[in-house]
Amino acid sequence: MVALLMRCFIYPLALFLLSGAVSADKTSYRNAVASAHGLASEAGMQILRQGGNAFDAAVTMAMVLAVVEPYSSGLGGGGFWLLQRTGDDKPIMVDGRERAPLAAHRDMYLDSQGSVIEGASMNGALAAGIPGQIAALVYIQEKYGSLPLSRLLQPAILIARNGFPVDEIYRRLLGFRQDVIWQSVEARRIFLVDGDIPATGYLLKQPDLARTLELVAKHGRNGFYAGELAEKLAQGVRDAGGIWSVRDLQEYQVVEREPVQWQWRGLNITSATLPSSGGIVLAQIMNMLDQFEDISLTDTQKIHVLIEAMRRAYRDRAVYMGDSDHVGVNMAELVSRHYASQQASDIDLTQATPSALLDEAVNSRGNIMESDNTTHYSIIDSQGNRVSATLSINYPFGSGFVVPGTGVLLNNEMDDFSLRPGIPNAYGLTGGEANAIASGKRMLSSMSPTFVEGQDRLMIIGTPGGSRIITMVLQGILAMYQGMDAAAIVSKPRIHHQYLPDVVQFEPGALKDRQQDELTASGHRLKQLDRPFGNMQLILHDKASGQTSAASDPRGIGVSIVD
Ligand code: GLY
């Protein structure tokens, strides 16, 4: 009954299905990949060259990234895979998001006074949700792939066993999490060298991880979620103060969901649905921008409107959004145009709206942390099959805890729940009841793998970056709409506002001095960030010329390849 009631709240997103704005694409496609690491892009392209399809390559690339970017994603984490199979009328989203252990409860990170226990949702075994990555990849291989799982996992197994040279990003993020890594005997043994950060070029070998990958190659899902490995994972977590059981692993389910789809100025856009807030927040912001389409605005006013739309959509994220399998979320209303017109109606073109006025003020930690965690890859194959996937273990090196004897570094996605309504998480994001912790519930995410398709061009886009993911993808879509090419889109300096903290963050070069002065005069608090953010991986296909281009964000070390 409860489930039925919840479904009634979740209006079918079929209402937003596409209505023919896109011309039939008669051009041929080429294989293209873009990811955050050259070894993953090369492995994915090899699979495509050997006759695998985009979904096969998606499995291989995710597993190689798990080995070579231990700070971003992995077997101990989860993610969202947006898939479009040529010939199918609809894209789908494979939800491999972590979920709370069955023994989890809403106050599990609070002390007897009701205060959040510092670090408990961030560091160590208690911070880890039940991983979904392996279940999702096996699901994709079985339902959409064409090559055997063992073949798809081979590149990752080889790199885990033989090693790969660590780079500056590895060193920087390890430094950021060194104290936490030190607490886990296994993590210390694997990722540090004599307790220190290894030099650039050090060959990092992960033999335990290679053995775990071999178990998956041999037994599929059961190699991870059942039998000896599941026992080791559950026992290892419990020995370290966590609450996993073997039942948690056995009962983990991948969910195939209908993504959020909407139209915007001739573009058909598809993005992640709940438990990711990405698609809904993107649609909300873009619908609000449309309310100003016919008004003549200065360049600074356009930025002001963009900021105000971000503020309002992120406020809704905080108040209304959570796992729609557990709470009622009126998605159809949130992404509707009439709701956007209400939301935008109090945007004053001359003054910023203080976030505190949108809702009761809630506390803000105010410091947005590192954003090099999480990873993204984009793929298209010569048949036109497409994948946009964003994966995560949450914070750099996740919880910092490796389960003994498995090589599996666990996530700390439990921090993406609202630990107590109004208390911000590591990204400064606040949340409410909808995203409270509950047994078996998925935590709210910002990961936003996205497809954008217009008359002339098709784009596959996504990026890591915590709470900033959504606004980065948004600015990528706006840049595509303005006609920019792939390299220009991923390079463009970015701004960000997320309701709370009430501050406009911007990369160097994103705002001119005059624009900064004008925005400040209208009440915005601006903060230029020391470091650039994001690591966008993008593919752009031009339908008229049949040309495919791909680009990896210059802020990272990613590699894109077009065959
Ligand atoms: N852990 C980051 C996210 O899912 O948004």
Side-chain angles (χ1 to χ4, degrees), residues 36 62 65-66 69-74 76-82 93-100 121-123 127-133 136 173 176-177 255 257 259-260 271-282 310 313-314 317-318 321-324 365 368-377 388-400 409-419 424-431 434-435 437 441-450 462-474 496 498-499 533-536:
L65 288 169
E69 281 194 319
Y71 44 82
S72 279
S73 68
F80 300 108
W81 287 258
L82 207 57
M93 182 182 97
V94 174
D95 170 0
R97 180 68 161 166
E98 297 90 335
R99 58 179 221 167
S121 64
M122 289 290 293
N123 308 324
I130 305 303
Q133 172 143 324
L173 296 177
F176 180 63
R177 295 289 275 161
V255 186
R257 300 186 192 272
V260 183
S271 191
T273 190
L274 295 171
S276 172
S277 57
I280 299 174
V281 174
L282 276 171
M310 289 176 181
Y314 271 79
R317 181 193 192 280
M321 295 183 212
D323 180 352
S324 54
R365 220 184 266 176
I368 308 300
M369 307 301 282
E370 297 278 328
S371 67
D372 302 79
N373 51 320
T374 308
T375 197
H376 180 88
Y377 58 86
S388 182
T390 312
L391 325 177
S392 187
I393 50 172
N394 196 24
Y395 226 45
F397 287 88
S399 65
L409 173 64
L410 299 186
N411 70 84
N412 61 352
E413 300 285 2
M414 292 298 284
D415 190 65
D416 274 349
F417 279 116
S418 46
L419 308 182
N425 72 1
Y427 304 103
L429 287 169
T430 51
N435 190 32
I437 303 173
K441 187 176 175 184
R442 283 157 148 87
M443 56 293 286
L444 189 62
S445 174
S446 300
M447 292 190 279
S448 310
T450 299
T463 180
S467 55
R468 301 182 189 121
I469 290 174
I470 305 171
T471 56
M472 283 190 266
V473 170
L474 168 75
H496 175 72
Q498 59 177 43
Y499 166 57
F533 55 87
N535 197 3
M536 193 170 274

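Just follow the structure's listing: the first ligand is 1, and inside any ligand the first atom is 1. Because the structure is predicted, anything quoted here is derived from the model rather than measured.
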Inset, instruction - For ligand 1, note which part of Glu413 has a heavy atom under 4.0 Å away: side chain, backbone, both or neither. - result: side chain
Inset, instruction - Please state whether Arg97 comes within less than 4.0 angstrom of ligand 1, counting heavy atoms only. - result: yes
Legend entry - Shortest protein heavy-atom distance from atom 2 (C) of ligand 1, along with the residue and atom involved: Asp416 OD2, 3.2 Å
Inset, instruction - If you have a sec, work out which protein heavy atom is nearest atom 4 (O) of ligand 1 and how many Å separate them, to one decimal? - result: Ser445 OG, 2.7 Å
Inset, instruction - Of the side chain and backbone of Asn394, name the one, both, or neither that has a heavy atom under 4.0 Å from an atom of ligand 1. - result: both
Inset, instruction - Using a strict cut-off of less than 4.0 Å between a Lys/Arg side-chain nitrogen and an Asp/Glu carboxylate oxygen, indicate whether Glu413 and Arg97 qualify as a salt bridge. - result: yes
Inset, instruction - Below 4.0 angstrom from a heavy atom of Met447, which ligand 1 atoms are there? Numbered from 1 as shown, please. - result: 4 (O), 5 (O)
Legend entry - Thr374, any N or O under 3.5 Å of ligand 1 N or O: no
Inset, instruction - Tell me whether the guanidinium CZ or amine NZ of Arg177 lies under 6.0 angstrom from the six-membered ring centre of Phe397 and within 45° of its axis. - result: no
Inset, instruction - May I ask you to decide if Asn412's main-chain N or O and Asn394's side chain share a donor-acceptor pair within less than 3.5 Å? - result: yes
Inset, instruction - Determine, step by step, whether Phe176 and Tyr71 satisfy the ring-ring contact (aromatic ring centres under 6.0 Å, His included) criterion, reporting the C-alpha distance in whole Å, the side-chain angles of both residues, the deciding distance to 0.1 Å, and the verdict. - result: CA-CA 11 Å; Phe176 180 63; Tyr71 44 82; over 10 Å; no
Legend entry - Identity and separation of the nearest protein heavy atom to atom 5 (O) of ligand 1: Ser446 N, 2.7 Å
Inset, instruction - Give me the ring orientation class for Tyr314 and His496: parallel if the planes are under 30° apart, tilted from 30 to 60°, perpendicular past 60°. - result: perpendicular
Inset, instruction - Look only at the side chain of Ser277 and the backbone of Arg317, and say whether a donor-acceptor pair between them is shorter than 3.5 Å. - result: no
